[in-house]
J.: 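The structure under discussion is supplied below as structure tokens; questions concerning it will follow.
Throughout, protein chains are lettered first and strands after them, A, B, ... in sequence-line order, and every chain is numbered starting at 1. Below, all heavy atoms of this structure are taken into account, side chains as well, without hydrogens, waters or symmetry copies.
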Amino acid sequence: MKLIVAIVRPEKLNDVLEALYKEEVRGLTITLARGHGGELESVETYRGTTVKMALVDKVRLDIGVSEPFVERTVQAIMRSGRTGEVGDGKIFVLPVQKVYRIRTGEEDVEAVTPLV
Amino acid sequence: MKLIVAIVRPEKLNDVLEALYKEEVRGLTITLARGHGGELESVETYRGTTVKMALVDKVRLDIGVSEPFVERTVQAIMRSGRTGEVGDGKIFVLPVQKVYRIRTGEEDVEAVTPLV
Amino acid sequence: MKLIVAIVRPEKLNDVLEALYKEEVRGLTITLARGHGGELESVETYRGTTVKMALVDKVRLDIGVSEPFVERTVQAIMRSGRTGEVGDGKIFVLPVQKVYRIRTGEEDVEAVTPLV
Amino acid sequence: MLVATALVLLMTPALAFFYGGLVRSKNVLNTMMMSLASLGAVGIAWVVAGYSLAFAPGNGWIGGGAHLFLNGVGLEPRGSIPHLLFMAYQGTFAIITAALISGAIVERMRFGPYLAFITLWALTVYAPVAHWVWGGGWLARLGALDFAGGTVVHVNAGVGALVAAVLLGPRKDYGRQALLPHSVPFVLLGSSLLWFGWFGFNGGSALGANASAALAFVNTLLAPMATLVVWMLLDLARTGKATAVGAATGIVVGLVAITPAAGFVPPMSAVAIGALAALPSYYAIQWRSRTRLDDSLDVLAAHGVGGAFGALLTGVFAARAWGGTDGLLSGHPAQLARQAAAVLATASYSAAGTYALLKLVGLMATMRAGRKEEGVGMDVPQHGEEAYTSGEGAILVMTDRAPAMDVQTREGRP
Amino acid sequence: MLVATALVLLMTPALAFFYGGLVRSKNVLNTMMMSLASLGAVGIAWVVAGYSLAFAPGNGWIGGGAHLFLNGVGLEPRGSIPHLLFMAYQGTFAIITAALISGAIVERMRFGPYLAFITLWALTVYAPVAHWVWGGGWLARLGALDFAGGTVVHVNAGVGALVAAVLLGPRKDYGRQALLPHSVPFVLLGSSLLWFGWFGFNGGSALGANASAALAFVNTLLAPMATLVVWMLLDLARTGKATAVGAATGIVVGLVAITPAAGFVPPMSAVAIGALAALPSYYAIQWRSRTRLDDSLDVLAAHGVGGAFGALLTGVFAARAWGGTDGLLSGHPAQLARQAAAVLATASYSAAGTYALLKLVGLMATMRAGRKEEGVGMDVPQHGEEAYTSGEGAILVMTDRAPAMDVQTREGRP
Amino acid sequence: MLVATALVLLMTPALAFFYGGLVRSKNVLNTMMMSLASLGAVGIAWVVAGYSLAFAPGNGWIGGGAHLFLNGVGLEPRGSIPHLLFMAYQGTFAIITAALISGAIVERMRFGPYLAFITLWALTVYAPVAHWVWGGGWLARLGALDFAGGTVVHVNAGVGALVAAVLLGPRKDYGRQALLPHSVPFVLLGSSLLWFGWFGFNGGSALGANASAALAFVNTLLAPMATLVVWMLLDLARTGKATAVGAATGIVVGLVAITPAAGFVPPMSAVAIGALAALPSYYAIQWRSRTRLDDSLDVLAAHGVGGAFGALLTGVFAARAWGGTDGLLSGHPAQLARQAAAVLATASYSAAGTYALLKLVGLMATMRAGRKEEGVGMDVPQHGEEAYTSGEGAILVMTDRAPAMDVQTREGRP
Ligand SMILES: Nc1ncnc2c1ncn2[C@@H]1O[C@H](COP(=O)(O)OP(=O)(O)O)[C@@H](O)[C@H]1O
Ligand SMILES: Nc1ncnc2c1ncn2[C@@H]1O[C@H](COP(=O)(O)OP(=O)(O)O)[C@@H](O)[C@H]1O
Ligand SMILES: Nc1ncnc2c1ncn2[C@@H]1O[C@H](COP(=O)(O)OP(=O)(O)O)[C@@H](O)[C@H]1O
């Protein structure tokens with residue numbers, strides 16, 4: 001089991017969700033985040049105060065997947081989240097020791113398999 | 001040391017916090033998130049536009065615990081966060097290499113023991 | 001590769017960012033969170049209702065770093081995020097299996113090295 | 001009068017913001033719609049029949065059918081203003097009174113039954129009471145003073161709210177979880193616009209830009225100032241902190257309390273009424289929040305108690321020299337008794353009428369939203385919308401296509 | 001009249017909130033500025049030349065140059081009010097009409113070209129049409145009825161909006177993603193304040209506090225009530241849910257539809273106009289959202305369709321007894337033809353004029369924001385601000401220092 | 001006049017939104033309460049003593065005690081309006097003037113001392129200055145022109161704000177972090193409602209619906225339009241982006257600048273005053289933000305500088321033909337000198353008085369919140385509330401139980 005944490009551009013989120021959908025990745029959780037990297041900073045002014053926004057809006061996806069899905073998921077995000085400009089984001093693959101489905105108490109692989 | 005990441009329903013958060021409190025889990029961090037799983041999607045309309053909300057509001061808990069607490073914490077969340085309907089959420093248990101308490105610099109087990 | 005997850009006070013965020021900047025940590029992602037720990041709870045009243053806020057605003061930083069940076073990063077956060085009062089927060093160091101840069105597909109160390 | 005009517009109309013949206021700010025964000029649209037829909041439903045009901053029932057010639061208890069569908073309501077003067085304008089002005093009062101009740105049942109009553117309820121309420125509870133006091137009915141003959149609606153509007157709505165809250169029962173999380181206002185600035189916006197609109201409510205009730213209007217106007221300025229000060233002091237004494245929700249509530253209570261008295265008492269008495277009125281409402285709110293009575297936005301405490309207290313104080317402070325009948329302080333305790341009679345009569349009728357209507361509506365349809373709906377919030381299930389959206393993760397549905405369309409949209413794009 | 005002018009002025013910020021609530025939060029400042037800037041740009045253009053072009057003596061098509069720079073516009077009466085005040089009142093109409101168009105092109109038009117466009121539009125499209133109807137031009141002579149601007153304001157703006165939406169093209173995500181309102185409470189605030197301000201718009205158009213004003217006023221109250229009710233019923237029938245955005249839209253459509261008729265029809269006809277007007281606009285919105293026509297905030301459906309329909313219904317319901325010329329129902333079908341002529345003439349001229357102006361502005365500057373700018377939202381690139389900020393991670397820049405200053409600030413502090 | 005008073009009353013909540021939008025969300029309630037509380041504290045102080053000190057017969061420096069507690073203030077006319085109404089109208093001016101000062105010390109001054117300060121300020125600084133200019137005091141005799149309060153209100157508040165900002169010192173993060181407005185739409189709402197209310201402020205100062213009121217009204221419309229245009233152009237020239245906060249500020253500056261001149265200058269001069277007034281305030285703000293002077297919301301630059309500049313320009317543009325005394329352009333440079341004298345006198349007295357009062361209040365209580373309180377924000381420690389809550393994690397406390405109750409609540413529920 002792995003937890004894939006991806007930071008992507010908010011304007012690309014719909015594309016990423018679509019790509020994941022096609023790869024049959026069904027469960028995921030997203031969080032609004034703000035990132036700091038090599039991106040161009042945007043300058044804003046409020047009355048006399050000029051401000052550089054060093055943090056740029058991003059979306060974070062947390063996706064728990066079983067081993068066979070790891071590569072497909074990563075590739076799908078990379079394909080669909082890319083614009084080629086600085087700021088496209090990162091993907092981290094974290095080891096997971098255990099996964100539970102709260103509703104049923106199922107564990108690990110069963111916990112992330114949709115029961116449709 | 002483990003980091004327990006739980007995704008639960010926002011309307012269940014108070015119950016979960018209460019259950020954790022009884023298990024003497026004292027430290028945790030929550031984040032507002034939105035999830036996508038097998039839940040029924042809700043349909044909304046704005047003027048002529050009809051929209052399916054594919055993402056449902058969830059709350060994410062991050063709880064750093066020492067080994068002996070892992071099982072109790074997981075069970076407490078499973079008990080209190082369950083409604084039995086699709087969408088109750090998941091729990092991930094991640095390995096942690098090191099924990100620090102910023103205030104004192106304490107490490108690992110001491111770092112997560114409350115000092116009341 | 002490690003993922004450093006730090007929970008800090010929002011009023012200390014600017015100091016932490018500055019300290020990380022000096023340590024040449026360039027990439028990071030932040031999320032607004034709320035924490036529960038040993039902090040003094042604040043009491044609020046709305047009409048006849050009195051309420052204890054058990055959750056305090058915090059900021060969560062996720063920083064992916066290569067091994068040589070781990071210690072410097074942790075120390076920088078500890079130094080700059082400390083006030084000495086209860087509630088300063090925690091740092092978790094998680095193992096990471098793989099990192100990708102979405103823009104280029106670079107992996108691991110290259111993925112977190114800025115390309116200025 | 002044109003301006004006064006516009007100002008009173010504005011009070012209903014103001015109420016929408018006052019109430020909307022006090023609820024949780026998942027119910028804000030539902031709460032606001034409960035006020036705004038009154039502009040449509042009650043407004044049209046008023047035109048069709050309400051006005052006639054309240055103001056057409058009838059007996060001491062109810063008006064007649066002479067003005068149904070605005071029959072015979074034209075531009076000829078009624079008193080000093082065109083009849084049509086008088087009808088419109090009175091209509092805005094009916095609208096806001098019905099909307100006030102919604103504060104007792106927000107976050108749990110279904111929208112359809114609510115609409116039916118307030119429309120019927122305006123016709124069968126509000127219109128008769130308005131007739132009693134302003135349409136030449138028995139309370140008018142008795143000599144009860146109600147300048148701009150302390151009993152007709154506020155006691156009436158407050159008691160209706162109490163009955164509605166009891167019949168619907170508390171919200172599922174009431175008393176278990178903290179149910180906090182999602183936007184206090186909206187509450188402040190609402191109470192400010194209410195104050196602004198109330199100048200039309202009280203000032204306009206003199207039906208002309210004369211000395212009586214000026215007095216009512218100034219009193220409407222002074223009383224809430226005093227209530228605001230006393231409320232902040234009570235807050236400071238109790239917890240050391242002057243709350244913003246409290247300030248907004250204090251302003252509204254002051255406005256309510258001065259309403260029956262506005263054109264009948266001297267200005268320093270208005271200050272006294274405002275100051276005194278803070279006390280019963282303040283403690284009523286404190287007490288209510290410790291009971292199982294989930295009058296969610298404290299309509300009873302603010303409007304019922306404030307209105308009743310104001311009506312009684314009118315009997316105390318009214319002075320012939322300032323346009324009223326002499327009250328207790330001018331040596332006529334009888335006036336106080338008349339005021340008490342008006343309050344009691346209104347409260348009893350409102351309680352009975354509201355009870356009967358809600359039972360009736362309850363027979364026709366389920367009034368209360370399910371527990372799950374309450375958990376999700378009323379906005380999405382009842383109105384198909386969220387108040388604040390980010391749009392992410394929302395999938396567009398093409399309404400003219402087959403059910404499989406969302407996959408198709410996802411894949412069939414250029 | 002002073003009050004009426006102030007109320008109409010308030011409509012432009014009200015529109016800013018109505019429109020601002022409907023867009024995504026990354027575009028809200030841009031959208032609101034599009035309305036507010038009209039207060040400056042169009043307002044000054046009106047003083048300099050617009051008023052003269054519309055109301056100075058001229059021929060049937062356009063006014064003259066006699067009142068350029070307010071020359072000869074003083075405190076002497078024009079009709080029953082001071083000439084200066086008449087100028088100001090008319091100016092507030094020009095401002096809001098130009099601002100209305102912005103609803104068609106929000107979230108994608110650059111701000112500078114927009115300013116140039118609406119300023120020119122007010123002078124070359126609005127001013128002549130105002131002259132035709134109210135300045136003694138050919139439509140006035142023809143006998144077309146337009147009490148407060150159904151054609152001049154609403155048909156004119158609606159058609160202009162259509163042309164602008166077509167020329168600019170849809171937003172990049174239009175029809176692909178759901179573009180949802182970021183704050184429905186703001187939409188409700190905007191529509192409520194619009195209603196409040198509209199009393200000045202219609203009530204003030206009688207140019208005095210007389211019986212005609214009272215009629216116009218009451219009709220402005222009744223028509224939107226009816227539209228609101230019908231709109232909610234249509235919503236309930238279609239999806240089972242009465243939407244809040246729908247309610248706000250219904251109110252505006254009712255206001256638009258009664259505008260040309262306000263002082264000419266009896267009150268029950270106002271109710272009828274309001275109720276009927278819901279239908280075409282409701283279905284126009286349903287239809288529009290399924291096309292590629294990205295008239296983003298439905299200016300055409302609400303103002304163009306609503307205004308045209310209202311103007312025609314004026315020809316149906318107008319009655320001499322209530323201040324109008326007799327219409328169809330009073331046995332004069334000719335009036336309906338005159339109304340249709342006015343609508344057609346305005347629509348044609350507005351279409352042609354808007355087209356020409358946008359082509360002209362397009363020659364001078366790029367009108368449309370880039371895809372990337374659209375993605376980021378217009379607020380930061382066009383206005384250098386965000387609507388809602390938390391301030392975290394914002395680095396202060398000392399404007400009087402060298403470019404390296406932010407590092408210096410970071411390190412050089414005490 | 002009734003309407004004008006209501007409009008001026010609305011300006012104080014409008015100010016609450018203007019200021020509240022400009023601060024960080026953790027301080028918004030505190031900031032809004034600083035304006036709203038003035039409605040209570042200063043309002044009551046005005047009734048008790050302020051009105052008498054300003055308008056009862058006295059000497060050239062201060063009024064007398066004849067009208068304490070509204071003694072002798074009734075419905076008899078004073079000039080053309082009831083005396084009581086005159087008192088109320090003037091009261092709304094005192095309230096807003098005191099509230100304006102709060103912009104200089106938001107996000108750090110404790111609420112109790114603030115209340116004490118503005119109440120005393122209204123009595124000892126505002127009331128005398130109002131007496132000098134409008135109560136028949138020495139500036140009135142000198143012949144200084146101040147139509148609606150350029151010096152009395154704006155210079156007075158602006159200088160008071162400067163002194164308060166200096167004495168309290170900058171916020172702890174000022175100049176180190178970016179302190180950004182949390183809701184620019186609220187700022188726009190506030191400035192729009194200010195404009196709307198200002199028609200009462202300037203239009204009402206003619207004390208009647210006459211030609212002078214019409215002139216004041218139209219000038220209040222035109223001047224801010226010009227300021228808005230110039231401000232946007234200055235913004236575009238400096239950074240290429242027309243900011244929304246700038247537009248809101250520009251509107252307020254234009255309103256301030258025309259205030260002393262509104263009923264004395266021809267309309268094209270109002271345009272000129274509006275346009276010119278943008279410059280000093282714009283550059284004052286640019287300059288101020290680079291200093292250590294944390295006049296947080298630029299009260300000095302907008303109101304002090306704008307008011308002083310407007311008062312001087314009144315001496316330049318005033319014309320007997322339009323209701324004023326002849327000014328510089330009409331060949332009477334002496335008027336300019338008189339204006340300068342009025343500005344200087346007001347500024348000096350305000351500076352001295354504010355300084356003395358703050359020192360006095362500082363002796364009684366700690367005025368400044370602690371660093372930690374500043375970090376957390378003023379809302380929770382000072383008012384016991386948050387502006388925007390989600391309610392999650394809030395534990396209900398039963399107020400009538402023992403301190404151990406929250407555990408008990410957690411466990412003792414059904
Ligand atoms: N080391 C890191 N740890 C966590 N998040 C990172 C890290 N580096 C970058 N990010 C996230 O990725 C986003 C884009 O990264 P950046 O380095 O600017 O672009 P790119 O990946 O295209 O070179 C950042 O805004 C931040 O949210
Ligand atoms: N693989 C996953 N990775 C991360 N989060 C998930 C995953 N699967 C589900 N979730 C989260 O759990 C929530 C509920 O999951 P779902 O599968 O719909 O219900 P259930 O667990 O009851 O079958 C989702 O909304 C999402 O937030
Ligand atoms: N075990 C934990 N897991 C996750 N987050 C924690 C944990 N303990 C504390 N935190 C976070 O750290 C914050 C401060 O912790 P707390 O224990 O109160 O203070 P301190 O670290 O100074 O003793 C909490 O608000 C919470 O966000």
J.: Do side-chain atoms of K98(B) reach the backbone of L94(C) as a donor and acceptor pair under 3.5 angstrom?
T.: no
J.: Go through V96(B), L61(B), I102(B) and name the one with the most non-hydrogen pairs under 4.5 angstrom from chain C.
T.: I102(B)
J.: Chain B: which of L3(C), V5(C), I77(C), V74(C) shares the most heavy-atom pairs with it under 4.5 Å?
T.: V74(C)
J.: So, taking the atom named OG in S80(B) and the one named CG in L20(B), what distance separates them when rounded to the nearest 0.5 Å?
T.: 6.0 Å
J.: At a heavy-atom separation under 4.5 Å, does R60(C) approach chain B through its side chain, its backbone, both, or neither?
T.: side chain
J.: Strictly distance-based, threshold 3.5 Å: is any side-chain N or O of D108(C) a donor or acceptor partner for the main-chain N or O of V99(C)?
T.: yes
J.: With only heavy atoms counted, which part of L28(B) is less than 4.5 Å from chain C, the side chain, the backbone, both or neither?
T.: both
J.: Going by atom types alone, do Y46(B) and E44(B) pair a side-chain donor with an acceptor below 3.5 Å?
T.: yes
J.: Is Q75(C) close to chain B through its backbone or its side chain, or both, or neither, when contacts mean heavy atoms under 4.5 Å?
T.: neither
J.: When heavy-atom pairs shorter than 4.5 Å are enumerated against chain B, which of K2(C), R79(C), R82(C) gives the highest number?
T.: R82(C)
J.: Is V70(C) close to chain B through its backbone or its side chain, or both, or neither, when contacts mean heavy atoms under 4.5 Å?
T.: neither
J.: Scan side-chain atoms only and decide if T83(C) and E85(C) contain a donor-acceptor pair under the 3.5 Å cut-off.
T.: no
J.: Rounded to the nearest 0.5 Å, what's the gap from CZ on R103(B) to CZ on R9(C)? Could you check?
T.: 9.0 Å
